[in-house]
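Here the structure comes first, spelled out in structure tokens, and everything after it is commentary.
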Amino acid sequence: MNLDLIQRCRSCASGDLAPVLDLGLQPLANAYREPDDVSTQARYPLALLRCRACSLVQLTGTIPPKLMFDTYHYFSSYSSTMVDSMRVLAKRLTAERGLTADDLVVEIASNDGYLLKHYLELGIPVLGVEPAKNVAAVARESGVPTLSEYFTRALGSELASSGRSASVIHANNVMAHVPEINDFVAGISAALRPDGVAVVETPYLVRFVDDREFDTTYHEHVFYYSLTAVSSLVRRHGLTVADVEEIPLHGGSLRLFIQHAGVPSTERVQQLLRSEQERGVTTDEYYSDFANRVEELKTEVTDLILKLRAGGASIAAYGAAAKGTVLLNHFGLDRDVIDFVVDRSEHKQGLLMPGVGIPILAAEELERRRPDYTLLLAWNFADEILEQQHAYRTAGGTFIIPVPAIALR
Ligand code: ZN
């Protein structure tokens, strides 16, 4: 199957598009394989462009979402860092907005209810929207009302007309994944009460480029937002970025507080917009060096791993997430050099990493098998994982952290 390559920006429809990064042909990052599957794995072009008009960085082509999301293997509750930060966020919004039983908190891409369950504990009504049917079913079983649908302009209007407009809409790590982004933001505008706030978290373009987070490029990840680009997008739908915070999640994200137009934006918003101008995120020069710096990283990491391997070391990897698939495939690290990948999610254990065919085992296997080195594919959770793997490291195991630069710990 071929991708439909875009001719125009998905946000502003300008045809003035400039190349940013090309990772060649890559398998779908979440297409884990059964060990007995010998069919050829499909690969698709994976490359980024930037719109010179609104400065939105985006994939050159899009895979139909139905191929990717219906049975995906990601269950948020497995990351303890995320569970903690979501509990804090629910308490904070409830206090700041004075939420009561008369309010409604909607989460788009609500996964297994990892966030909304904290609002339920505080007595605030919730509604999840989660297209992955198996994941939505898990949420409902745990008491979180969940629609198994894609969030669209039509769904947003339907919620409003059926008395279910939202005081707070959460959208964590989803706005980067929806190709029909104008339809999605129009849905937020329709579903949001006049004084409501949409709290949107999305990976931040400046961290992506400056920290060489190339492995967060995958077919599900359509957009790489700067504040400049997102401001232009929401303005088109009668919304404004009222406030913004930079948060460490996923290698550096923006937490955007989006409200109906008319609410003044904070000094933090003005300051970050100015800082993006100063960095040059709206110029070609900012991106011209990025691809070269990614290739330098590839050379450094593969040279180190091949040298260790030649010296007789055993090497595993930690973290069977999408970014792991991208890094292993782009760096050409397969089961000849990496013995196995460990992951805490039992839904992935027993399967093979897409493209490179490396078996996925339980996290406990790291301590049991004690590979000399472990390539940390989940570098965004480095502190948490290094702490959990204290016993492995004390016994002589060493982690290789590949991004933003090689570090041995
Ligand atoms: Zn544009």
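Order of listing sets the numbers, starting from 1, for every ligand and every atom in it. Residues: numbered from 1 along the sequence shown. Keep in mind it's a predicted model, so treat the numbers as computed, not measured.
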Can you name the side-chain hydrogen bond (donor to acceptor under 3.5 Å, both in side chains) partners of Glu96, sequence neighbours left out?
->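 If we apply the side-chain hydrogen bond (donor to acceptor under 3.5 Å, both in side chains) test to Glu96, skipping adjacent residues, the hits are Arg92.
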Would you call the rings of Tyr224 and His221 parallel, tilted or perpendicular, where under 30° means parallel and over 60° means perpendicular?
-> parallel
Side chains of residues 228-236: which donor-acceptor pairs under 3.5 Å do they make with residues two or more places apart or in other chains?
from	atom 1	to	atom 2	distance (Å)
Thr228	OG1	Glu276	OE1	2.5
Ser231	OG	Leu227	O	2.7
Arg236	NH1	Ser11	O	2.7
Arg236	NH1	Ser11	OG	3.0
Arg236	NH1	Asn182	OD1	2.9
Arg236	NH2	Ser11	OG	3.4

Audit row: Phe223, Val57, side-chain contact (heavy atoms from CB on, under 4.5 Å) steps and yes/no = CA-CA 6 Å; Phe223 298 111; Val57 173; over 6 Å; no
Problem - Listed protein N/O/S atoms, distance to the Zn ion (ligand 1) under 2.8 Å - result: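 N, O, S partners closer than 2.8 Å: Cys9 SG, Cys12 SG, Cys51 SG, Cys54 SG.
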Taken in chain and number order and not counting sequence neighbours, the residues that satisfy side-chain contact (heavy atoms from CB on, under 4.5 Å) with Ala18 are Arg52, Asp284
Sub-3.5 Å donor-acceptor pair from the side chain of Thr240 to the main-chain atoms of Ala261, do we have one?
no
